[in-house]
Amino acid sequence: MNSPAGIPDKPSLDGIESSLVAQWETEGVYRFDRSATRDQVFAIDTPPPTVSGSLHIGHVFSYTHTDTVARFQRMRGKTVFYPIGWDDNGLATERRVQNFTGVRCDPSLPYDDGFSAPFHGDVPKDHRATPVSRPNFVELCREITHLDEQAFEELFRRLGLSVDWSLLYTTIGDRARRVSQRAFLRNLARGEAYQQDAPTLYDIDERTAVAQAEMEDRDVPGAYHQLAFHRVDGQGDLVIDTTRPELLASCVAMVAHPDDPRFQPLFGTTVRTPLFGVEVPVLAHHLAEPEKGTGIAMICTFGDITDVTWWRELNLPSRALIGFDGRFAAEAPEWITTDAGREAYAHIAGLAPKQAQKKVVELLQASGEMLGDARPISHPVKFYERGTRPLEIVATRQWYIRNGGRDNDLRDALVERGNELTWHPSYMQHRYDNWVGGLNGDWLISRQRYFGVPIPVWYGVDTDGNPDYATVLVPREDQLPIDPSTDVPEGYTADQRNVPGGFIGDPDVMDTWATSSLTPQIAGDWGDSNELFDRVFPMDVRPQGHDIIRTWLFATMVRSHHEHGTPPWRNAALSGWILDPDRKKMSKSKGNTVTPMHLLEQYGTDAVRYWSASGRPGVDTAFDEGQMKIGRKLALKLLNVSKFVLGFGEPSADATISASIDRAMLGRLAGVVDDATSAFEGFDYARALERTEGFFWWFCDDYVELVKARAYGTQDEAGAQSARAALRLALSAVTRAFAPFLPFVTDEVWRWWQPGSVHAAAWPTADELGTGISASESAAAIEPVSEVLAQVRRAKTEAKVSQRAAIDTLVVHAPDAARTAVEAALADLRDAGSIASVTFVTGEQIVCEVTLAPVADTPAS
RNA sequence: GGGCGUGUAGCUCAGUUGGUUAGAGCACUGCCUUCACACGGCAGGAGUCGGGGGUUCGAGUCCCUUCACGCCCA
């Protein structure tokens, strides 16, 4: 058969990606229409990937899921707002820059405009980080992230994501800084943002405060130490168990459960701490656990979060000793008044907690105030999720945004906002509810870091030269973005910086989540003119990983609730993770990640997308190259069957689809299209793919085999026209139904015979297939025919002859209804099976007796 | 300790409100060089649906209980 013009003789998948990617860009297939009204728009709040290294196969997986939905909605006629951003600010980037270039930021240094980084990768192990100014450090961060961003873009384009690249943003870019600072100032004006001097979880290595969402418990070895406190009434000792004896100098009280009869008589009395001799009260609080240790504990400021609660609720003094450097204060504090106590403190002054513990234990053992030996245990301790040493609690001034952690009304309102979302899958909402319900403080957003969005305020400086944090100077919104370390507040001049009566800039930046919680506002260009924003907000869907519900999803909800009084989206679509073959989560730290580029090259993009799209929403999925092989097979099959079907040529203008089996095939396809459509509407791309794929293989294996002879013209003209028209109609619909999953091969074959891109074509509907045949009628017409065909094939396989081998007689035992269906397709069956004659016998089930034609002995005949 | 999820063939997974004999692909085995496709086609074997109990005419599906694994939180 000669291929018509436009159809290659040897269709191939090789190289189709690069030419189509370029074509899509030129044709603007995925360009957002800024004149569309909100009801015509489908808006996606795409996750901006963290730019700190390389993309791995997990990115391919989840971004493909969203892309299939975007393509579906576009084909349904929506104008799809599908932006992309790079999350490039934050600690992850700072670390990468430090490790890659061998520098560290020292904000006290002046800018050096001739500076260049000592290394670009391969920093020697013995290199001591070169200190650089903050502006130089930020420049390096921008340089390195820019390189990474180019690599990300290349991969995402190669992956065929139908994002509108003209909507690209970065979380450190001007637009993001402007939006982030504007939102903060609005929070501040409404009282949702506030500063507070309070105990804060603090990473002493990174030297920054850490939010509740960023910490995690890790089981670490520790030990119980039994310490004797001395009753002031001289009636003996009170013995406690503690894992942190080094904090003894920070002890402010003892605490036991109010119902505990062992300690009830002691409430209201005082004891003296061992070693330091500080007099502290014995108090009652319900959080004290009678079963834990000796049933009574010491409260230190601050050993853990419970200490903070006790400190607050029992109105205790603050006796913090560990500073920002993670070391004990150099001078003995004023509350230690005895000479012996001050002498003891001198031993731990300036030490880190671990060394201090060792020293305190030695001293206690020497004084006899520690009973017995330390008893090793394993217990959970709070860590910054990126940190290596336990968090300390340090009293500092920080900025917070109210998130319901200290306000039940707000908490309830945020839970209610969660109810306004449709969650996919629905059980993911529990994680949100649990997280919101379990909050125990507001959201700490200030970070003592460098590569981030500056907190856009200054403070007055009093006549003594001390910052007056109560006098907050703010910029106007039209001045944003600003950097308070270089910009000057209105009414001041630059030479008034840091001088009495002048001003001082806030040195901190915002937590990266404080900016990424505004992705809908950043992507939608929220601001003075909301021409774009009003067309896209609230967005239709937030796709994201289930592990960041407590951070990204929740934070975005908080900002939108405060600013807009609405959820930021209608749907939340949570994707699962990629697991390695041992069912462990793929992550960089485990070293089991797989990079995607070679897979895209080896199997083709469509094949990798096929594997991705077969991972069901929210379900963790094993990395499986086998699925990619199947995806490649599928793409090849579509290529080949398209060539075959189109090779029959166009049916005549008056062709009618009259053959029963043709109409039944289209009826089955109509049901599949309906199913795929409703699956997609519920974000279940995997089901849409599965249904379409199931139809497609049946179509190729059975239907095409059955009708190909008729389509060639072996029967009458009407039959040929019917087959050709039905084949083309089905091919068109199937190509479009596969388009969201296999964007390359579908567009390749579509362009052989249709104008424009398949991605600009309409999503198939049951109506256009025009049969009006129900699913059960289709099945009744098809299944007996498929069954007979299968039995004929089996007979040939068992006889070890070719499927082309001729059959003399076929006797079909079948119930009447099945017989009617088989007779309707009898000519096709005889062609497909090379069957000379067929007779029917009434029977319960379909059973075929096959008599093969004798095979000639001589090979030459 | 609380919450959520998962457990179906050697592997990866479908199985919608309970309804014939539990499905698909991979892998494996056999056959077919066939005129769209050998980067192919046709066919085959293979499962006590994690265990136990219950509801029901009927349970992979609903209820209870238990085990294993994973995740989130404390």
Side-chain angles (χ1 to χ4, degrees), chain A residues 1 3 7-14 212-213 215-217 289 305-306 380 382 423 425-440 545-551 574 576-577 579 581-585 602-604 607 610-611 614-616 618-648 675 678-679 682 684 686-687 689-691 693-694 697-698 700-702 704-705 708-709 711-712 727 731 749 789-805 832-834 845:
Chain A
M1 176 170 47
S3 301
I7 304 177
D9 278 341
K10 274 275 168 200
S12 163
L13 297 175
D14 297 337
Q212 185 184 351
M215 60 191 198
E216 62 188 22
D217 284 356
E289 295 178 48
I305 293 188
T306 318
K382 303 239 172 282
W423 298 76
S426 58
Y427 59 75
M428 291 293 182
Q429 189 179 355
H430 293 295
R431 301 198 182 185
Y432 176 86
D433 292 344
N434 290 345
W435 173 253
V436 179
L439 288 168
N440 54 31
H546 58 64
D547 51 328
I548 51 175
I549 290 173
R550 68 196 171 116
T551 48
L574 289 310
W577 285 331
L579 308 176
D582 296 333
R583 303 206 69 82
K584 296 276 177 252
K585 183 195 176 187
Q602 182 178 352
Y603 298 104
Y610 170 88
W611 160 74
S614 48
R616 308 191 97 75
V619 178
D620 295 346
T621 301
F623 174 72
D624 185 2
E625 286 192 51
Q627 283 293 110
M628 299 179 195
K629 289 181 188 159
I630 301 164
R632 182 169 176 85
K633 237 175 97 165
L634 177 63
L636 280 164
K637 195 75 175 175
L638 184 61
L639 208 58
N640 284 308
V641 81
S642 295
K643 179 188 172 208
F644 186 54
V645 165
L646 297 174
F648 291 118
D675 233 25
S678 55
D684 193 349
R687 181 178 169 83
L689 172 59
E690 188 184 53
R691 296 287 288 130
E693 190 191 6
W697 285 111
W698 169 79
C700 292
D701 294 346
D702 282 11
V704 171
E705 290 302 322
K708 69 205 254 184
Y712 276 124
L727 281 166
L731 180 68
V749 303
L789 183 63
Q791 291 197 26
V792 166
R793 284 169 169 168
R794 192 177 308 142
K796 291 183 180 179
T797 296
E798 280 166 5
K800 302 194 175 184
V801 297
S802 157
Q803 290 297 329
R804 298 195 69 200
S834 310
Q845 291 181 338

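Look at CG on A:Asp547: it is 11 Å from P on B:C71, rounded to the nearest Å. When rounded to the nearest whole Å, the span between CZ of A:Arg632 and P of B:A38 equals 13 Å. Atoms OH (A:Tyr610) and P (B:C39) sit 20 Å apart, rounded to a whole Å. At whole-Å resolution of the value, CD in A:Glu216 and P in B:C71 are 12 Å apart. Atom CG in A:Asp701 sits about 15 Å away from atom P in B:C37, given to the nearest Å. A:Asn640 has its CG atom 12 Å from the C1' atom of B:G41, to the nearest Å.
Distances were taken from every side-chain heavy atom of A:Val641 (C-beta onward) to each of B:A36, B:C72, B:U12; the shortest belongs to B:A36. Among the nucleotides B:G44, B:C39, B:C72, the one closest to any side-chain atom of A:Trp577 is B:C72. Counting only heavy atoms from C-beta on, A:Asp217 has its side chain closest to B:A74 among B:A43, B:A36, B:A74. Which of B:C13, B:A36, B:C4 sits closest to the side chain of A:Lys637 comes down to B:A36. Side chain of A:Leu636, nearest nucleotide from B:C39, B:C71, B:G44: B:C39. Closest to the side chain of A:His430, out of B:A74, B:C4, B:C13, is B:C4. With B:G44, B:A36, B:C72 as the choices, the nucleotide that has an atom nearest any side-chain atom of A:Arg794 turns out to be B:G44. The nucleotide whose nearest atom lies closest to any side-chain atom of A:Lys10 is, among B:A38, B:G41, B:G3, B:A38. Checked against B:A14, B:A36, B:G41, the side chain of A:Phe644 finds its nearest nucleotide in B:A36.
With both pairing distances under 3.5 Å, B:A36 is matched to nothing as a Watson-Crick or G-U wobble pair. Applying the Watson-Crick and G-U wobble criteria (two distances, each under 3.5 Å), B:G60 pairs with nothing in any strand. The partner of B:U21 is absent, by the rule that a Watson-Crick or G-U pair needs both atom distances under 3.5 Å. Shown here, B:C71 forms a base pair with B:G3; the pair counts as Watson-Crick or G-U wobble because both key distances fall under 3.5 Å. With a cut-off of 3.5 Å on both pairing distances, the Watson-Crick or G-U wobble partner of B:C26 is B:G10.
At a threshold of 4.0 angstrom between heavy atoms, the contacts of A:Arg793 are confined to the sugar-phosphate backbone, with no base atom among them. A:Asp433 comes within contact range of no nucleotide atom at all, as no heavy-atom separation falls under 4.0 Å.
Between the side chains of A:Gln803 and A:Thr797, at least one donor N or O lies within less than 3.5 Å of an accepting N or O.
In terms of position on RNA chain B, the residue among A:Ser614 and A:Tyr427 whose nearest nucleotide sits closer to the 5' end is A:Tyr427. Where A:Asn434 and A:Val704 each meet RNA chain B at their nearest nucleotide, the meeting point lying more 5' is that of A:Asn434.
Put simply, the side chain of A:Glu690 reaches to within 4.5 Å of the side chain of A:Arg616, judged on heavy atoms. Side-chain contact between A:Ile630 and A:Leu634 is absent, with no heavy-atom pair separated by less than 4.5 Å. At least one side-chain heavy atom of A:Arg793 sits less than 4.5 Å from a side-chain heavy atom of A:Asp702. Here the side chains of A:Leu574 and A:Arg431 are not in contact, with every heavy-atom distance at 4.5 Å or above.
Ring geometry for A:Phe648 versus A:Tyr712: interplanar angle over 60°, hence perpendicular rather than tilted (30 to 60°).
Atom CG of A:Leu689 sits about 6.5 Å away from atom OG of A:Ser614, to the nearest 0.5 Å.
Under 3.5 Å, the side chain of A:Glu705 and the base of B:A36 form at least one donor-acceptor pair of N or O atoms.
A distance of about 14 Å separates the C1' atoms of B:U66 and B:G7, rounded to the whole Å. For the C1' atom pair drawn from B:U55 and B:C62, the interatomic distance equals 8 Å after rounding to whole Å. Taking atom C1' in both B:U6 and B:G45, one finds a spacing of 29 Å when rounded to whole Å. Separating the P atom of B:G19 from that of B:U61 is a span of 10 Å, rounded to the nearest Å. Spacing between B:C73 and B:C64 at atom P, rounded to whole Å, works out to 27 Å. Of the C1' atoms belonging to B:G15 and B:U21, the separation is 16 Å, rounded to the nearest Å. Nucleotides B:A22 and B:G58 are separated by 15 Å at their C1' atoms, to the nearest Å. Atom P of B:G25 sits at a distance of 11 Å from the matching atom of B:G41, rounded to the whole Å.
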Summarise how protein sits on nucleotides 16-30 of chain B as a single string, 5' to 3': B when a protein heavy atom is under 4.0 Å from the base, S for sugar-phosphate-only contact, - for no contact.
B----B---SS---B
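Taking a cutoff of 4.0 Å between a charged side-chain nitrogen and a carboxylate oxygen, A:Asp675 and A:Arg687 qualify as a salt bridge.
By the side chain to side chain contact (heavy atoms under 4.5 Å, CB included) test, A:Arg550 pairs with A:Glu385, A:Trp435, sequence neighbours left out. Residues satisfying the side-chain hydrogen bond (donor to acceptor under 3.5 Å, both in side chains) criterion with A:Glu625, sequence neighbours excluded, are A:Tyr603.
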